[in-house]
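Atoms considered below: every heavy atom in the structure, side chains included; atoms not considered: hydrogens, waters and symmetry mates. Keep in mind that this is a model prediction, so the values were computed, not measured. Chain naming here is simple, since letters A, B, ... match the order of the sequence lines and numbering starts at 1 in each.
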Amino acid sequence: MEPKISEKAWNPELEKNILKQWEEDKIYDFTPEENNFTIDTPPPYPSGRPWHIGAAAHYSQIDMIARTARMAGKNVYFPIGIDRNGLPVELYTEKKHKIRMRETERGEFLNLCRNALDDLEAEMILIMKNLGISGDFVNYYRTDSEEYRTLTQSTFIKLWKKGEVYLANRPNNYDWVSGTTIADAEIIYDDLQTKLVYMKFKIKDTDQEIIIASTRPELLCACRTIIVNPEDERYSKYIGKKIIVPITNAEVELRTHHSAKQEFGSGAVMVCSYGDQNDVVLFRELELDEIVAIGLDGRMTEVAGEYAGLKPKQARTKIIEDLETAGFVEKIDDIVHRTPISERSKIPIEIIPMEEYYLKQKEKVENIKEIGNEITFHPTMHKQILMNWLESINIDWPISRRRFYGTEIPIWYCKNCSEPHVPEAGKYYKPWNEACPIANCTKCKSTEFIGEERTFDTWMDSSVSPLFISKFNRDDEFFNKVYPVSIRPQAKDIVRTWLYYTLLRCEELTGEKPWSEAWVMGYGLDEKGMKMSKSKGNAIDPLPVIEKLGADTFRFWSASEINHGYDFRCNEQKIESTKKFLSKLWNVSRFLSSFPVIDSGTPNASDKWILSELDKLVKECKKGYEEYNFFIPAIAIREFTWNVFAAHYIEMVKARAYGIEFSDEERDGAIFTLHKTLKTILKLLAPITPFITEHLWKILYSNESIHKQKQVDVENIEEQTEITKEISEFNSIVWNEKKSQNLSLKDSIKMEIPQILKPFEKDLKSMHNLLD
RNA sequence: GGGCUCAUAGUCUAGCUCGGUUAUGACGUCGCCCUUACACGGCGAAGAUCCGGUGUUCAAAUCACCGUGGGCCCA
């Protein structure tokens with residue numbers, strides 16, 4: 001019989017038609033019912049080309065979650081969103097058009113950003129679609145849309161009215177390149193080369209001096225005290241004495257504090273506003289008055305005297321020269337210093353007192369721990385990232401940013417008395433560009449207002465994604481059916497930001513957890529295990545890879561190579577070699593396509609054996625799918641299909657399936673079993689490689705999409721693992737024997753079949769052409 | 001300094017919970033082979049001090065302890 005499938009290999013070009021068919025048939029449409037399964041899909045940020053290959057792998061796996069749930073009989077809601085708020089697009093736009101944000105008219109700048117986002121977004125959507133992501137692209141959302149920003153602002157207004165938001169003037173992490181305050185969560189650390197300067201400080205009214213080592217001599221003008229460890233005997237006689245600061249000649253007191261490390265530098269530390277976070281703590285604890293030495297422009301202020309106007313780094317160089325000239329320097333060491341830098345602009349942050357809005361979070365920590373414990377983490381170990389972060393929270397969340405492309409903070413201030421006014425929730429407000437919707441100041445009745453110019457931290461937007469997709473405040477019926485949503489898939493590196501902030505915000509607004517499960521994935525690394533980044537030039541563009549090899553190859557690579565939760569290496573050659581398995585599957589199907597599909601048959605010993613192995617496979621895949629760990633089914637299916645089913649079973653039953661020297665009943669037993677096995681393999685594999693399985697399924701078995709089928713159930717057939725081993729060993733022996741005798745595989749040979757394999761005798765004889 | 005996590009052939013990986021096989025499989029490498037599904041294939045070969053040390057045990061990749069090295073996070 002002619003095979004229904006004539007091509008010799010899987011052609012990834014076919015994916016395009018299949019994709020079109022799915023789109024036309026709307027096979028993934030969702031209307032809320034019982035048994036909803038909602039995915040809080042991470043909205044990717046279009047920050048520039050190329051998109052990350054690790055992200056493509058990540059979204060492929062999120063799609064596997066959706067398809068797994070669908071085949072488990074759940075009603076899947078799989079929204080797609082694009083995150084468009086924040087700094088990266090502003091930097092991208094500034095660079096692209098060679099303009100400065102603050103020197104450009106705000107409305108015009110926002111338009112340029114929007115256009116840039118549209119271009120980058122289009123490519124991301126294209127990649128996601130080509131990957132076979134079964135999400136809702138028709139109603140995809142943007143976090144900068146009027147609807148989304150209305151939600152962000154409404155949730156802020158709610159919290160403002162509850163008294164959860166306050167304004168405070170505090171030392172803040174300031175990134176002067178992007179001109180904004182940033183949260184602790186956005187700080188990363190880098191080891192940078194710097195100079196540790198050992199300076200001589202005179203003790204007042206004596207001719208003695210002490211040595212103080214510092215990496216920030218330019219902050220001498222902001223020095224308020226000197227501390228030493230209380231147990232440091234070298235300095236005990238100077239405690240309480242006045243010390244003269246070099247250059248400025250200011251007098252400060254020498255005090256004790258346990259945070260001074262005896263072994264670092266000279267053991268004596270100058271405390272300035274603000275060299276680092278420890279200085280902030282000390283100023284608060286010792287009740288010192290701060291001196292603002294660095295301004296918002298990132299330059300030294302007038303208190304720095306002749307250094308005013310210089311950048312801290314320039315001032316440092318100059319002051320070191322001056323200190324040396326004046327004989328205040330004992331020595332200078334070159335050291336590597338762990339420096340806090342801004343995650344976004346990659347420059348060292350400064351700590352500067354500024355007035356910013358804060359959202360209360362400190363008193364919420366215990367609440368969040370509780371709801372965190374109600375959530376099932378996949379893998380369990382990553383829950384620890386959240387718990388560690390919760391332990392370390394010690395300040396509230398600064399939520400205002402001095403940037404343009406973000407959701408506006410909806411506040412107007414009375415021009416006369418400065419009283420802040422927050423409008424009614426439910427509308428999108430742009431205070432920098434719109435009149436205040438409130439007629440009179442509630443305090444002084446004045447009619448003139450000034451709009452707030454700042455925007456929110458982008459996590460204020462993305463942290464309400466579960467509320468947005470479940471139509472919070474917009475459609476109560478929908479919301480009640482869908483919220484809390486089922487699962488939050490996301491990457492490991494944003495647990496302390498996106499995951500945490502979502503818990504915080506959703507708990508504040510709904511009193512409930514946002515999802516039942518959190519699924520946390522590792523990072524994509526390059527071939528050598530380094531983190532991929534555009535600046536290092538080791539980033540791989542996913543688009544050409546997918547276009548060349550097809551989505552299924554890429555997806556199968558992603559499943560079979562990425563152990564869930566762990567970091568993974570991306571290697572193009574390895575992705576390519578994955579294609580071989582799809583070829584194997586294709587050719588197995590091609591072979592089976594030459595036999596009629598029959599619904600029943602009487603299995604013989606060989607058939608029963610492969611069916612028991614198949615059932616074992618179903619069991620294993622089920623286990624993997626239940627944990628959304630696709631590594632388990634991918635590896636198991638490949639192993640079974642290639643090394644058991646194709647290598648041994650098909651070879652054993654080939655002659656029987658053709659009906660050569662076998663009865664019709666024996667033949668049908670083989671054909672039935674072959675099809676049952678392939679059908680099962682296709683279904684098991686469908687969530688991972690949706691295209692090829694759909695194609696083969698439709699050619700061989702049904703007009704209805706494989707993605708509408710229910711997953712195969714475990715039958716609990718008794719295991720025959722021992723037989724598998726015996727068969728493969730026996731086959732190996734025969735092949736080796738023929739080889740050593742220089743025989744072709746079809747030549748006949750005389751071999752003794754082991755006792756345990758007697759039930760398989762007839763099949764084995766025909767397979768190897770064994771003589772009696 | 002603290003926390004999390006990892007360590008098995010050139011690369012990825014199974015096994016470790018609950019100790020006993022010749023340490024699994026894949027990619028890559030090499031050799032042979034067109035056998036009526038597949039040369040994008042088949043068969044076979046080479047390739048691992050299971051990070052190191054100590055202990056428990058008749059027996060350790062597996063258990064315990066002490067180290068070393070990598071990654072990430074926090075201070």
Side-chain angles (χ1 to χ4, degrees), chain A residues 1-12 184-185 187-189 259 261 263-264 276-278 281 338 340 379 381-394 491-497 522-523 525 527-531 549 553 556-557 560-563 565-571 573-595 620 631-632 634-636 638-640 642-647 650-651 654-655 657-658 660 674 678 725 729 731-740 742-747 767-769:
Chain A
M1 194 178 155
E2 276 299 301
K4 280 192 202 167
I5 301 169
S6 53
E7 301 80 11
K8 277 192 164 188
W10 164 241
N11 178 6
D184 286 355
I187 293 174
I188 56 174
Y189 291 83
S259 70
K261 288 189 195 119
E263 62 286 353
F264 184 79
D276 58 25
Q277 277 299 338
N278 193 42
V281 174
R338 207 160 154 72
M381 66 177 179
H382 285 337
K383 188 187 219 159
Q384 206 54 45
I385 305 175
L386 172 69
M387 293 305 165
N388 291 348
W389 175 240
L390 286 169
E391 283 306 323
S392 67
I393 288 175
N394 54 31
K492 189 171 87 177
D493 52 345
I494 51 175
V495 167
R496 59 184 185 144
T497 50
Y523 316 102
L525 307 171
E527 290 173 46
K528 297 184 186 90
M530 302 290 284
K531 206 169 169 172
L549 302 168
T553 297
F556 193 80
W557 164 79
S560 64
E561 193 78 10
I562 302 174
N563 204 345
Y566 296 98
D567 297 348
F568 54 95
R569 296 186 188 193
C570 303
N571 181 328
Q573 185 230 330
K574 215 141 186 190
I575 299 173
E576 193 162 359
S577 62
T578 309
K579 200 176 164 219
K580 289 185 173 186
F581 172 65
L582 299 189
S583 257
K584 193 72 197 177
L585 180 70
W586 178 268
N587 280 300
V588 166
S589 306
R590 188 161 95 97
F591 173 61
L592 293 217
S593 77
S594 52
F595 304 106
E620 205 167 340
F631 183 78
I632 294 171
I635 298 284
R638 181 177 59 194
E639 170 67 17
F640 172 82
W642 206 322
N643 295 341
V644 181
F645 185 53
I650 291 183
E651 295 301 331
K654 205 179 265 178
Y658 282 129
I660 305 164
L674 283 167
L678 180 61
K725 217 180 123 198
E729 265 172 28
N731 289 340
S732 225
I733 289 166
V734 178
W735 286 323
N736 266 328
E737 190 55 36
K738 284 192 178 176
K739 193 170 193 174
S740 68
N742 253 330
L743 294 172
S744 149
L745 288 178
K746 61 185 172 186
D747 291 339
M767 169 179 178
H768 294 297
N769 197 5

### Task
For A:N388, enumerate each residue passing the side-chain hydrogen bond (donor to acceptor under 3.5 Å, both in side chains) test, keeping only those at least two apart in sequence or located in another chain.
A:Q384
### Query
Under 3.5 Å, is there an N or O donor on one side and an acceptor on the other linking the side chain of A:K584 and the base of B:C38?
yes
### Summary
By salt bridge (Lys or Arg N to Asp or Glu O under 4.0 Å), A:E651 pairs with (sequence neighbours left out) A:K654
### Query
Got a sec, which residues hit side-chain hydrogen bond (donor to acceptor under 3.5 Å, both in side chains) with A:N11, two or more places apart in sequence or on another chain?
none
### Query
What residues, two or more places apart in sequence or in another chain, satisfy side chain to side chain contact (heavy atoms under 4.5 Å, CB included) together with A:P379?
A:M381, A:H382, A:H564
### Task
Applying salt bridge (Lys or Arg N to Asp or Glu O under 4.0 Å), name anything that partners A:E639, two or more places apart in sequence or on another chain.
none
### Strand RNA chain B as a dot-bracket string - pairs counted if Watson-Crick or G-U with both distances under 3.5 Å, | where the partner lies in another strand
(((((((..(((.......[....))).(((((.......))))).....(((((..]....)))))))))))).
Please produce a list of atom pairs where a protein N or O lies less than 3.5 Å from an N or O of nucleotides 13-17 of chain B.
residue	atom	partner	partner atom	Å
B:A14	OP1	A:N563	ND2	2.9

### Query
With A:K584, which residues qualify under side-chain hydrogen bond (donor to acceptor under 3.5 Å, both in side chains), at least two apart?
none
### Task
Can you check each nucleotide of nucleotides 29-36 of chain B against protein heavy atoms at under 4.0 Å and return B for base, S for sugar-phosphate only, - for none, in 5' to 3' order?
--BB--B-
### Query
Across the strands shown, which category fits A:W642 at heavy-atom distances under 4.0 angstrom: base, sugar-phosphate, nothing?
sugar-phosphate
### Query
Can a donor-acceptor pair under 3.5 Å be found between the side-chain atoms of A:S583 and the base atoms of B:C40?
yes
### Message
Suppose we screen for salt bridge (Lys or Arg N to Asp or Glu O under 4.0 Å). Which residues come up paired with A:K580, at least two apart in sequence or across chains?
### Response
none
Look for any protein N or O under 3.5 Å of an N or O in nucleotides 2-6 of chain B and output each such pair with its distance, or none.
residue	atom	partner	partner atom	Å
B:G3	O2'	A:N388	ND2	3.2

### Message
Taking side-chain hydrogen bond (donor to acceptor under 3.5 Å, both in side chains) as the definition, give me every residue that meets it alongside A:K739, ordered by chain and number, with sequence neighbours left out.
### Response
none
